[in-house]
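One structure below.
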Amino acid sequence: EIYFSGNKSGELSTIYYTKRDVDGWSPVQKANFTKGQQAGELHPFVSSDGEELYFSTHDEEYKNNKIWYVTRTNTGWGDARKLQSPINNDEVFDSNLAENGDLYYTNISELKMYYAPLKNGNYPEIHAVDIAPGLHGFISKQQDCLIVDTRHKEDETRKDRDLYIHFKKTDGSWTEPISLGENINT
């Protein structure tokens with residue numbers, strides 16, 4: 001199964017999905033996890049064990065951005081729940097998980113990456129990721145590298161965004177961003 005978000009002209013962000021079986025891919029359908037509690041849903045991320053799906057929500061003005069999740073049941077997905085954590089005390093989106101459950105996300109208000117360590121099934125604290133500006137981060141399963149998008153660094157006059165990778169050093173700090181190169185970037 002594949003989950004992705006998009007929006008048609010004049011519509012708010014929506015999460016869609018399709019599933020594959022022996023006959024091929026099913027028709028694409030809207031997920032509608034919050035059942036109308038939130039105007040828009042986007043940035044789905046399925047945990048590595050496939051048991052949880054985290055996503056972002058927003059209101060009609062693309063504000064009040066929060067992280068929600070659903071848990072897999074025998075019949076599909078359970079009721080959507082807003083993540084009860086200091087994470088949601090700000091404008092946030094685009095979350096993803098390391099293998100140990102630590103959650104990485106973008107703080108929109110600060111235009112910065114953060115993470116929240118998983119402690120006893122909860123996310124009671126948040127920490128800024130000490131990297132140069134970068135958004136829409138994707139953490140590796142082992143938390144040894146982080147890919148972010150940021151404004152083109154080699155030519156400051158450009159306004160487009162490219163992908164950069166940071167590697168975690170043995171002392172826990174991160175390397176300077178390294179461009180993923182012209183085969184991937186603009």
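Looking only at side-chain heavy atoms (C-beta outward), L135 and L111 come within less than 4.5 Å of each other. You'll find the side chain of W77 stays beyond 4.5 Å of the side chain of T71, heavy atoms only. With a 4.5 Å cut-off on side-chain heavy atoms, S179 and N185 count as touching. Side chains of I131 and V148 form a contact here, defined as non-hydrogen atoms less than 4.5 Å apart.
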Audit row: F167, D144, side-chain contact (heavy atoms from CB on, under 4.5 Å) steps and yes/no: CA-CA 6 Å; F167 292 97; D144 55 356; over 6 Å; no
Run the numbers on F4 and I2 for side-chain contact (heavy atoms from CB on, under 4.5 Å), then give the verdict. CA-CA 7 Å; F4 59 95; I2 298 174; 4.1 Å; yes
Steps toward side-chain contact (heavy atoms from CB on, under 4.5 Å) verdict (E99, Q142): CA-CA 6 Å; E99 193 167 48; Q142 299 305 317; 2.6 Å; yes
Could you please spell out the steps behind the side-chain contact (heavy atoms from CB on, under 4.5 Å) verdict for D94 and T106? CA-CA 6 Å; D94 209 12; T106 299; 4.2 Å; yes
Please test Q143 against D102 for side chain to side chain donor-acceptor pair (under 3.5 Å), starting from the C-alpha separation and ending with a verdict. CA-CA 9 Å; Q143 300 183 68; D102 290 355; 3.1 Å; yes
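Looking at N96, its side chain does come within 3.5 Å of a backbone N or O of G137 through a donor-acceptor pair. For D49 (side chain) and E51 (main-chain N/O), a donor-acceptor pair under 3.5 Å exists by modelled atom type. R20 places no side-chain N or O within 3.5 Å of a backbone atom of E1 that could act as its donor or acceptor partner. The backbone N or O of N64 lies less than 3.5 Å from a partner atom in the side chain of E91, making a donor-acceptor pair. Judged purely by atom type and a 3.5 angstrom limit, D59 uses its side chain to pair as donor or acceptor with the backbone of K63. Distance alone, capped at 3.5 Å, places no donor-acceptor pair between the T57 side chain and the G40 backbone. In this structure a side-chain-to-backbone donor-acceptor pair under 3.5 Å is present from T18 to S26.
Of the inter-residue distances, the one linking I67 atom CD1 with S56 atom OG reads 5.5 Å to the nearest 0.5 angstrom. The CG atom of D90 lies 7.5 Å from the CD1 atom of I126; values are rounded to the nearest 0.5 Å. Between the CD1 atom of I139 and the OG atom of S95 there is a distance of 13.0 Å, given to the nearest 0.5 Å. Taken to the nearest 0.5 Å, the CZ atom of F55 stands 10.5 Å off from the OH atom of Y69. In this structure, CZ on F45 lies 14.0 Å from OH on Y3, to the nearest 0.5 angstrom. Separating the CG atom in L103 from the CD1 atom in I87 is a distance of 4.5 Å, to the nearest 0.5 Å.
Scored by the side-chain contact (heavy atoms from CB on, under 4.5 Å) test, K82 finds K66, W68, Q84, N88 as partners (sequence neighbours excluded). Remark: Y123 engages no residue in a side-chain hydrogen bond (donor to acceptor under 3.5 Å, both in side chains) (not counting sequence neighbours).
In this structure, Y104 has its ring center no closer than 6.0 Å to that of Y114. Aromatic ring centres of H43 and Y54 lie farther apart than the 6.0 Å criterion allows.
By the 4.5 Å side-chain criterion applied to Ile, Leu, Val, Met, Phe, Trp and Tyr, Y62 is assigned to a cluster that also includes L12.
Between K8 and Y16, the shortest heavy-atom contact is CE-OH, 4.3 Å. What you find for D171 and S173 is that their closest heavy atoms are OD1-OG, 2.6 Å. Summarising the geometry of D79 relative to K35, their closest heavy-atom pair is OD1-NZ, 4.3 Å, with the distance given to 0.1 Å. The minimum heavy-atom distance linking F33 with L53 is given by the pair CE1-CD2, 3.7 Å. The shortest non-hydrogen separation linking T175 to H166 is O-ND1, 2.8 Å. Closest approach of E41 to S5, counting heavy atoms only: O-CB, 4.3 Å.
For the residue pair H58/N65, the side-chain donor-acceptor check at 3.5 Å is not satisfied.
The environment of CD in E176 is sparse: at most 12 heavy-atom neighbours from other residues, nucleotides or ligands sit within 6.0 Å. Within a 6.0 Å radius of CG in D130, no more than 12 heavy atoms belonging to other residues, nucleotides or ligands are found.
L163 and W174 fall into different hydrophobic clusters, defined by Ile, Leu, Val, Met, Phe, Trp and Tyr side-chain heavy atoms under 4.5 Å apart, directly or through other members. Under the 4.5 Å side-chain heavy-atom criterion for ILVMFWY residues, a single connected hydrophobic cluster contains both L97 and F138. Grouping the Ile, Leu, Val, Met, Phe, Trp and Tyr side chains by contacts below 4.5 angstrom, directly or via other members, places I15 with Y17.
Ion pairing between K119 and E125 holds under the 4.0 Å rule for side-chain N and carboxylate O.
Exactly one residue among N183, I184, I178 makes a side-chain contact (heavy atoms from CB on, under 4.5 Å) with L180. That residue is I184.
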